[in-house]
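The next block holds one structure in the form of structure tokens; read it before the comments.
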Amino acid sequence: MSGLVGVGLLTTAGAAVADETPQNEAGAAATLGGLKTYGTAVVHDGDMDEQVPAGLFEMSVDNGGTLQTYCIDIHNPVQKDARYHETPWSATSLSGNKNAGKIRWILRNSYPQVNDLAALAAEAGAKGLTEQDAAVGTQVAIWRFSDGADVDAVDPRAEKLADYLEKHARNLAEPAASLSLVPSAVSGHPGERIGPVRVHTNADSVTVRPPADATASGVKIVDRAGKEVTSAADGSRVYFEVPQSAQDGSAELTVQASTTVPVGRAFASETRSQTQILAGSSESTVSATATANWGDTGAIPALSAEKNCAEGGLDITADNQGDEPFTFTLMGVSHTIAAGKRETVTVPLLEDQAYDFTIKGPAGYEKHFKGVLDCRTESSMGDLTVQTLNEPSPATVGGMAAGDTDLAETGASNATPIIAGTAIALVVIGGAVLLLLRGKQPTPTRD
């Protein structure tokens, strides 16, 4: 199912305002509501067995819609009301997981995608399967592939379902994002079309609305031929058309759609909270942003970022379409992007650590990157004790009653690991300003 996509534009002339939006702002953004349909599982860790709640979470999508998700991060805690964003597998603990595609198969072939419980029970040999049993069995099977966990469902019917799903699962490809703009940052000169930015979406059609200040700013969104865009589709290329008379500045393109998010999309939190994977979606509002930065002379940077779990860091991509090198310093290391080049620099980060970078460029240009690197299912502290849910009791665990505000947690611990000593020297927590300098002579890049 899909709907129309709207595009708006925010422009700033002269000094650019810092972009406070987290990277990977593409697709659905939602707030975690808690476990809604769940039961009990047992995690085996050496000689210790611990009971944990296991089942289906619910999220509320910004501007409308509801998501159902399972956890793929058993050793991390859940943060109540945590904010989540649709995220590629490469930016989560699924990166490098050879069984990631099997998780998607489970999601497509179990509850709630398969809501005929009698048929599901017949397939699994689990007569009398309830919604709670189905949610527990599905979560247990997912944990076996996402975390390599030694975990069983307490209820025999749920355990039979988990075993069935584990045995029959096969690898499926990662689903595409519900909506994205690629690249998310471009740069150029006044008097030219800056881009292209390609639209990727599962919406059937898109609608492009002109910016509210189009008359005053003169900046338009156009196609390759320079015709102002009023409609587009998946794969369309759009450009920022900036008047020749425009002062150095920037513009932000926001694309919004009403669509169904594909099952199997990962969701990562802005804070340290369990990574989730999508099991079901209502018609939901999704969005994506892209920025353009322009200037007459000198370095003209455009910056974007994406988590890179394979390398254990944050990839910062700089597009410099100016006529001078763009030199900047990240954590004491200088990097130079030559005029007319686009390059990516990986900033190494520690697992579970928050980062907060404000990067500055010429003419007041700023870009703000904030988040948490959560790439591993095991804690940085090593083995963790699995949290036992005491309320409600595992013996009476069931669906949450309407209005129940308690969040039952899956996972291991509600204590965030503290990494001291040299770790603090490697990751800047709470805010760091990384000054970018525009110079005529490039500074040698250090790997």
Side-chain angles (χ1 to χ4, degrees), residues 30-43 51-61 65-74 78 102-146 149 151-169 260-265 267 274 276-284 389 391-411:
T31 300
L32 185 69
L35 277 167
K36 297 301 180 182
T37 307
Y38 62 95
T40 311
V42 177
V43 179
Q51 289 189 341
V52 295
L56 200 60
F57 286 88
E58 186 172 288
M59 293 187 184
S60 298
V61 181
T66 301
L67 305 177
Q68 293 174 300
T69 61
Y70 287 105
C71 164
I72 52 170
D73 197 6
I74 191 174
V78 169
K102 293 182 178 181
I103 297 171
R104 190 186 181 201
W105 185 94
I106 291 171
L107 293 165
R108 292 180 61 177
N109 290 275
S110 191
Y111 182 78
Q113 287 299 305
V114 177
N115 56 18
D116 185 341
L117 295 181
L120 187 60
E123 288 284 342
K127 185 178 180 180
L129 193 72
T130 66
E131 289 186 348
Q132 285 76 19
D133 297 334
V136 175
T138 306
Q139 177 65 90
V140 166
I142 289 171
W143 276 336
R144 291 173 182 174
F145 289 124
S146 66
V151 57
D152 299 310
V154 170
D155 188 279
R157 292 166 298 193
E159 177 64 13
K160 285 184 178 180
L161 176 61
D163 290 343
Y164 166 80
L165 294 171
E166 181 183 14
K167 179 180 178 180
H168 289 82
T260 302
V261 184
V263 169
R265 290 296 290 170
F267 280 78
Q274 286 180 347
Q276 305 283 311
I277 195 162
L278 188 71
S281 170
S282 69
E283 190 82 3
S284 298
L389 180 68
E391 189 176 343
S393 168
T396 59
V397 123
M400 277 184 146
D404 190 345
T405 58
D406 290 339
L407 175 62
E409 295 184 358
T410 63

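Since we're looking at a predicted model, the values are computed, not measured.
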Calculate, to the nearest 0.5 Å, the distance between atoms [atom1] and [atom2] belonging to [X] and [Y] respectively.
X	Y	atom1	atom2	value
T37	F57	OG1	CZ	11.5 Å
R157	D133	CZ	CG	4.5 Å
Q276	L67	CD	CG	10.5 Å
I74	I72	CD1	CD1	12.5 Å
T66	M59	OG1	CE	11.5 Å
L56	T69	CG	OG1	6.5 Å

inquiry  = Do Q68 and S281 make a side-chain contact, defined as non-hydrogen atoms from C-beta onward lying under 4.5 Å apart?
reply    = no
message = Are E283 and T260 packed together at the side-chain level, in the sense that at least one heavy-atom pair is separated by less than 4.5 angstrom?
response = yes
task = List the atom of Y38, the atom of G55, and the distance in Å for their closest heavy-atom pair.
result = CB-CA, 3.8 Å
query = So, for S146 and I103, which heavy atoms are closest and what is the spacing to 0.1 Å?
reply = CB-CD1, 3.6 Å
Would you say the side-chain atoms of [X] pair up with the backbone N or O of [Y], donor to acceptor, closer than 3.5 Å?
X	Y	value
S110	I106	no
E159	A153	yes
Q139	Y70	no
S284	G65	no

Residues L165, W105; criterion side-chain contact (heavy atoms from CB on, under 4.5 Å); working and verdict = CA-CA 9 Å; L165 294 171; W105 185 94; 4.1 Å; yes
Between [X] and [Y] (salt bridge meaning N to carboxylate O under 4.0 Å), is one present in this structure?
X	Y	value
D152	R144	yes
E58	K36	no
K167	E123	no

ask   = What residues, two or more places apart in sequence or in another chain, satisfy side chain to side chain contact (heavy atoms under 4.5 Å, CB included) together with A124?
value = A126, L161, Y164
Name every donor-acceptor pair, under 3.5 Å, that has one atom in a side chain of residues 111-118 and the other anywhere in the protein, sequence neighbours excluded.
residue : atom : partner : partner atom : Å
Q113    : NE2  : A279    : O            : 2.8
D116    : OD1  : A118    : N            : 3.3
D116    : OD1  : A119    : N            : 3.1

